[in-house]
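Below: the structure, in structure tokens.
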Amino acid sequence: MEMEENMITIIDEDGNEQLHEILLTFDLDDYDKQYVVFAPVGTDDDEDLIHVASYIPDESGEVGTLNDIEDDEEWAMVEEVINTFFEDEEE
């Protein structure tokens, strides 16, 4: 994954690149991780509108790895942060 200002390029297992807009980033101290909420740019596919992953930057901080959130308790905390963010945005 490469990261530009508010945009990330994700490369899938077939080598296809997809540009995504970063909607939100945050840290959870309980898990000592960073998280990123992002959406694909230039697609009308409603099923893939928003993605969430934990993010591990490399030493430069410009490239990193996105990882699935597999722990139910971790996912619940992430979901709470996301819901609070979008509720505040709607007000």
Side-chain angles (χ1 to χ4, degrees):
M1 180 196 79
E2 295 180 19
M3 200 160 121
E4 299 174 24
E5 187 174 336
N6 295 327
M7 296 290 196
I8 55 176
T9 301
I10 296 176
I11 303 169
D12 68 17
E13 61 273 358
D14 297 325
N16 301 314
E17 294 185 1
Q18 174 69 50
L19 185 63
H20 290 74
E21 179 181 7
I22 298 171
L23 305 174
L24 171 69
T25 60
F26 58 95
D27 299 335
L28 286 178
D29 293 337
D30 290 355
Y31 291 93
D32 195 28
K33 292 182 182 177
Q34 296 177 335
Y35 298 88
V36 61
V37 180
F38 53 99
V41 174
T43 180
D44 294 328
D45 190 354
D46 289 341
E47 293 180 12
D48 292 327
L49 279 182
I50 296 178
H51 302 275
V52 181
S54 63
Y55 174 70
I56 301 172
D58 73 352
E59 293 178 12
S60 71
E62 295 184 19
V63 179
T65 304
L66 295 174
N67 300 295
D68 292 332
I69 300 167
E70 297 177 354
D71 181 275
D72 289 341
E73 288 183 30
E74 180 182 11
W75 177 250
M77 292 182 73
V78 167
E79 190 173 40
E80 184 176 328
V81 171
I82 293 168
N83 288 340
T84 300
F85 173 79
F86 285 112
E87 287 172 6
D88 290 346
E89 287 289 307
E90 290 177 5
E91 293 179 355

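Not measured: the values here are computed from a predicted model.
- Taken to the nearest 0.5 Å, the OG1 atom of Thr25 stands 9.5 Å off from the CZ atom of Phe85.
- Every side chain to side chain contact (heavy atoms under 4.5 Å, CB included) that Asp12 has, sequence neighbours left out, goes to Asp14, Asn16.
- Note that CD of Glu17 and CD1 of Ile8 are 12.5 Å apart. Values are rounded to the nearest 0.5 Å.
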Next on the checklist: For a side-chain contact (heavy atoms from CB on, under 4.5 Å) check, start with the C-alpha distance between Val36 and Val52, then their side-chain angles and the critical distance, and finish with the verdict.
Outcome noted: CA-CA 6 Å; Val36 61; Val52 181; over 6 Å; no
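- Heavy-atom minimum distance, Ile69 versus Ser54: CG1-N, 4.1 Å.
- Contact annotation: the side chain of His51 approaches that of Pro40 to within less than 4.5 Å [non-hydrogen atoms, C-beta and beyond].
- The list of salt bridge (Lys or Arg N to Asp or Glu O under 4.0 Å) pairs with a residue in residues 49-60, not counting sequence neighbours, is empty.
- For Asp88, the side chain to side chain contact (heavy atoms under 4.5 Å, CB included) partners two or more places apart in sequence, or in a different chain, are Thr84, Glu91.
- Gln34 is linked by a side chain to side chain donor-acceptor pair (under 3.5 Å) to nothing, counting only residues two or more places apart in sequence or in another chain.
- For Glu73, the side chain to side chain contact (heavy atoms under 4.5 Å, CB included) partners two or more places apart in sequence, or in a different chain, are Tyr31, Asp71.
- Within a 6.0 Å sphere centred on CG of Asp32, heavy atoms belonging to other residues, nucleotides or ligands number 12 at most.
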Next on the checklist: As a quick check of understanding, evaluate side-chain contact (heavy atoms from CB on, under 4.5 Å) for Met7 and Ile22, giving each step before the final call.
Outcome noted: CA-CA 5 Å; Met7 296 290 196; Ile22 298 171; 6.0 Å; no
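- Remark: Asp72 pairs with no residue by the side chain to side chain donor-acceptor pair (under 3.5 Å) rule, at least two apart or across chains.
- Judged as a ring-ring contact (aromatic ring centres under 6.0 Å, His included), and not counting sequence neighbours, the contacts of Phe26 are Tyr35.
- Scanning for salt bridge (Lys or Arg N to Asp or Glu O under 4.0 Å) contacts around Glu80 gives an empty result, with sequence neighbours left out.
- With values rounded to the nearest 0.5 angstrom, Phe86 atom CZ is found 5.5 Å from Leu23 atom CG.
- Listed for the His20 side chain is a donor-acceptor partner under 3.5 Å among the backbone atoms of Gln18.
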